[in-house]
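See below for the structure under consideration.
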Amino acid sequence: MSPYIEAGYAVVLATLGVYAASLASRERSARRRLGTKASPPAARPAQLERQLLDGAGDGAPGADDLEAGA
Amino acid sequence: MPSLRSRLVTLVGWLALVGVIATVWLGLFVTPDAVGFPDGLVRLLYVHPPMAWVAFVAYGMAFLSSLLYLWPRTRDMRFDRLAGASAEVGVVFTGLTLVTGSLWGRPTWGVWWTWDPLLTTTALLFVLYLGYLALRRVPGDPEAVAGRSAIAALIAFVDVPVVYFSVSWWRSLHQAPTVDFTGRHLYVHGSMAWTMLLGFVSFTLAYAWMTARRYRLASLAVQQEDEGLAHAIAERRAEGRVLV
Amino acid sequence: MAPAAVRLREAVALAGHFPLLAGVSFEIDEGEVALVRGPNGAGKTSLLRLCCGLLALRSGEGTVLGHDLSKDRRGVRRHVGLLGHQSLLYEELTVEENLRFALRASGSPADRAPAAVLRLGLTGRLGSTPVGRLSAGQRRRTALAVLLARDPGLWLLDEPHAGLDQEGRELLDELVAEARARGRTVLMCSHEHDRAAALSDRVIWMVGGRIVKEPVGVA
Amino acid sequence: MLRDAALVAGKDLRIELRSRVALNQVVPFAAAVVLLFGLALGPDRSVLAPAAAGLFWIAVLLSALLATQRSFAVESADGARDGLRLSGLDPAGIFLGKVGAVVAELLVLEVLLAFGVAVLYGAHLAGALVLLGSCLAASIGLGAVGIVYGAVASGLRVRETLLPLLILPVAAPVLLGATKAWDEALRGTPSHALGWLSLLAVFAVVYVAIGVVAFGPLLEDA
């Protein structure tokens, strides 16, 4: 079998593997920076905005406690 | 307990992994050599066309979500993140399309690159979407970045058919030997057809899994920015109180 | 026309991630001249840019001359004039060319241009020199001439006196007084406290991106 | 909208006449590119003449990049960009006006460059109708893509490096179509160029349409 075939398969598998690994590691470091559990993404920015303005801070996932009554 | 969505993503991930391994195993060892393709070159057909197909799907998804973002009623930052994620995965697969394409060309015509319409278009797309990704990375107000990127994705995708037709016209003038990559006119033995189909399905699943993970990564980044924003507004307020 | 020319409620505007305005609420009636005071970086200029639709409203509500800032911030621009630190003019074009372009672009009649040029003393050779070769003060007068010729419903003046000579400042005071007499609304921010205060019906204090009551001991 | 377009085009062209950047810098740049091709490919006419169309259009493509960047540099002086937003001009009008100005500059450049190429490469210009037609369609296409991407990249510091990377791949079909149209004309078979002219026309229409729709939001966000 021509060596080009193995080369082709090897390149495909290696690249996809490396990319998948990079996704996983980038996600781990992002979570560590956030210091949160593996929770789903937080409320959308607009929603977060409203909570923040009226200082409710009702424990939306990922949003830590904000000083009330700004 | 991870939500239903992330469990679904994990499931897709495993399915993709199993599918890819099966395709490789079938493609390299089980399926027979095909007539007309010297020393087993047909086996690249299980890998190369799916790469091109997934790249095209990825850019189509980026185009669609950009359109949805631009349409005022359906405007939502999640579409912007989806477009970015899909385009990034698309660039990875486009790169692989080019590599496997030239690996195909080398033994067949003794040259790394033939100006074949499909490959040339893919090369142009590779550069085009690298530009798109570069544009996305330029810092700025989230809405501004999203708006810019959506329009760039719009332009890039509209360019695909234009480039393809102009290149194929151009190539047809030179009548160079171009083997039809999708191997349509190749007599496809039973097991080969299944392997090819498996290749398409499993690489598409791989694309779906990667895009989902990249999307979640983008959401985390946004969440991190929002934390910063909340902090910034609180700080800004403190600046006010100190003077009052 | 709605009584309030400008009405903002809890308006938030961002530059990237920095909150320029962190919840601003106030109202200005039509024909009123309001002065915004406060330390540097309090968000005065951002407030003016928000009112002319240059700055996007991230959250909260805002209407200017009946136009809703969150939905139709481009619509408000024909009725608003901004005199800022930058002249917003093309340096290669002459004073008259800039004036003509600005007037025709905003759809105002071009016949008011000569009167404005005369009033601002930009006559003769000055009128035909490219703006790039003018001094800062003369550029400010040219921008003022454009504003006077357009005579929009809402005048937004960002430290208008800066860069003008003594004669220019007196001229500016007259123009603001005349605009008020014509029922135009003026929102101005300035560090020339006594001079600006004399022109204004009301003073608004801004600190940290918000409107505050009368702060103690703020310069 | 067309009234605004004429106003903006007039303003851009007046600024160009006053500052003469296109004439004094972009045309010499194109001439330099054409000369460099001559140096690179050697003086042999049998090599240069057949390649004349391709070299001509690469020079035009690169010049179009400079012209569109110049078109946006005009707005950046002293807040003129905010002035444009505040002017209440219809964004589609601003887009068409700026494209019109760039197309006018490109056409002037192309006419001058055509003689340059004829002289330097010894290509004899024939089939003038096809030559002009392709110049017009290609220039409109290039102008439209340039101005749209110019607006996309305008507010950014990395503008100079990002704009070429964005525009060139998209403009590839224009380079292809225009070169082929010119080849047919120069070879004396202008009728064959019809297909390529229609490609250029389609490209121009598509990207002008995208520009008219997209320019409003783009002007706001940048």
Side-chain angles (χ1 to χ4, degrees), chain A, chain B residues 2-3 5-6 13 16-17 20-21 24 27-28 33 38-44 46-48 50-51 76-78 81 88-89 92-93 95-96 99-100 103-104 106-108 142 203 206 209-210 213-227 229-231 233-234 237-238 241:
Chain A
M1 184 147 52
S2 136
Y4 290 103
I5 298 169
E6 281 108 6
Y9 277 72
V11 162
V12 167
L13 293 178
T15 317
L16 293 184
V18 164
Y19 182 65
S22 83
L23 283 180
S25 69
R26 280 194 287 180
E27 185 168 334
R28 262 195 309 281
S29 57
R31 284 205 189 289
R32 220 175 312 110
R33 268 202 304 279
L34 271 176
T36 60
K37 298 175 297 310
S39 63
R44 284 206 323 276
Q47 233 167 346
L48 195 65
E49 205 70 55
R50 267 194 303 284
Q51 282 157 23
L52 170 133
L53 282 180
D54 48 44
D58 53 11
D64 44 33
D65 185 24
L66 305 166
E67 28 87 15
Chain B
S3 72
R5 208 171 29 182
S6 55
L17 193 61
V20 166
I21 292 172
V24 170
L28 277 182
D33 275 349
D39 34 350
L41 272 176
V42 71
R43 300 183 189 294
L44 273 179
Y46 305 125
V47 170
H48 176 70
M51 292 296 123
D76 185 324
M77 285 303 278
R78 283 179 295 188
R81 291 201 290 270
E88 184 172 297
V89 176
V92 171
F93 278 92
L96 289 175
V99 169
T100 49
L103 280 176
W104 168 276
R106 186 77 178 93
T108 319
F203 282 115
W209 179 75
M210 289 180 182
R213 290 299 296 259
R214 182 64 186 79
Y215 174 85
R216 195 188 307 170
L217 196 61
S219 309
L220 283 174
V222 167
Q223 187 187 339
Q224 201 176 320
E225 271 164 36
D226 286 342
E227 306 273 321
L229 173 60
H231 188 62
I233 286 199
R237 290 261 177 82
R241 218 171 22 263

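Per chain, numbering begins at 1; letters A, B, ... match sequence-line order. Every heavy atom of this structure was used, including side-chain atoms; hydrogens, water molecules and symmetry mates were not.
- Taking each heavy atom of B/M210 and A/L23 in turn, the nearest pair found is O-CD1, 3.6 Å.
- Applying the side-chain hydrogen bond (donor to acceptor under 3.5 Å, both in side chains) test to A/Y19 and every residue at least two apart in sequence or in another chain returns B/E88.
- The distance from atom CZ of B/F93 to atom OG1 of A/T15, rounded to the nearest 0.5 Å, is 10.0 Å.
- Side chains of B/L220 and A/R33 form no contact here, defined as non-hydrogen atoms less than 4.5 Å apart.
- Annotation: the span from A/R31 atom CZ to B/Q223 atom CD amounts to 8.0 Å, rounded to 0.5 Å.
- The heavy-atom pair separating A/Y9 from B/G27 by the smallest distance is OH-CA, 3.7 Å.
- Both the backbone and the side chain of A/L16 come within contact range of chain B, with heavy atoms under 4.5 Å apart.
- Atom CZ of B/R43 is separated from atom CD of A/E6 by 9.5 Å, given to the nearest 0.5 angstrom.
- The contact between B/R106 and chain A is made entirely by side chain atoms (from C-beta outward), counting heavy-atom distances below 4.5 Å.
- Residues that satisfy the side chain to side chain contact (heavy atoms under 4.5 Å, CB included) test with B/V99, not counting sequence neighbours, are A/V11, B/L103.
- Atoms CG and OG, from B/L217 and A/S29 in turn, are 7.5 Å apart once rounded to the nearest 0.5 Å.
- Between A/V12 and B/L96, the shortest heavy-atom distance links the atoms CA-CD2, 3.9 Å.
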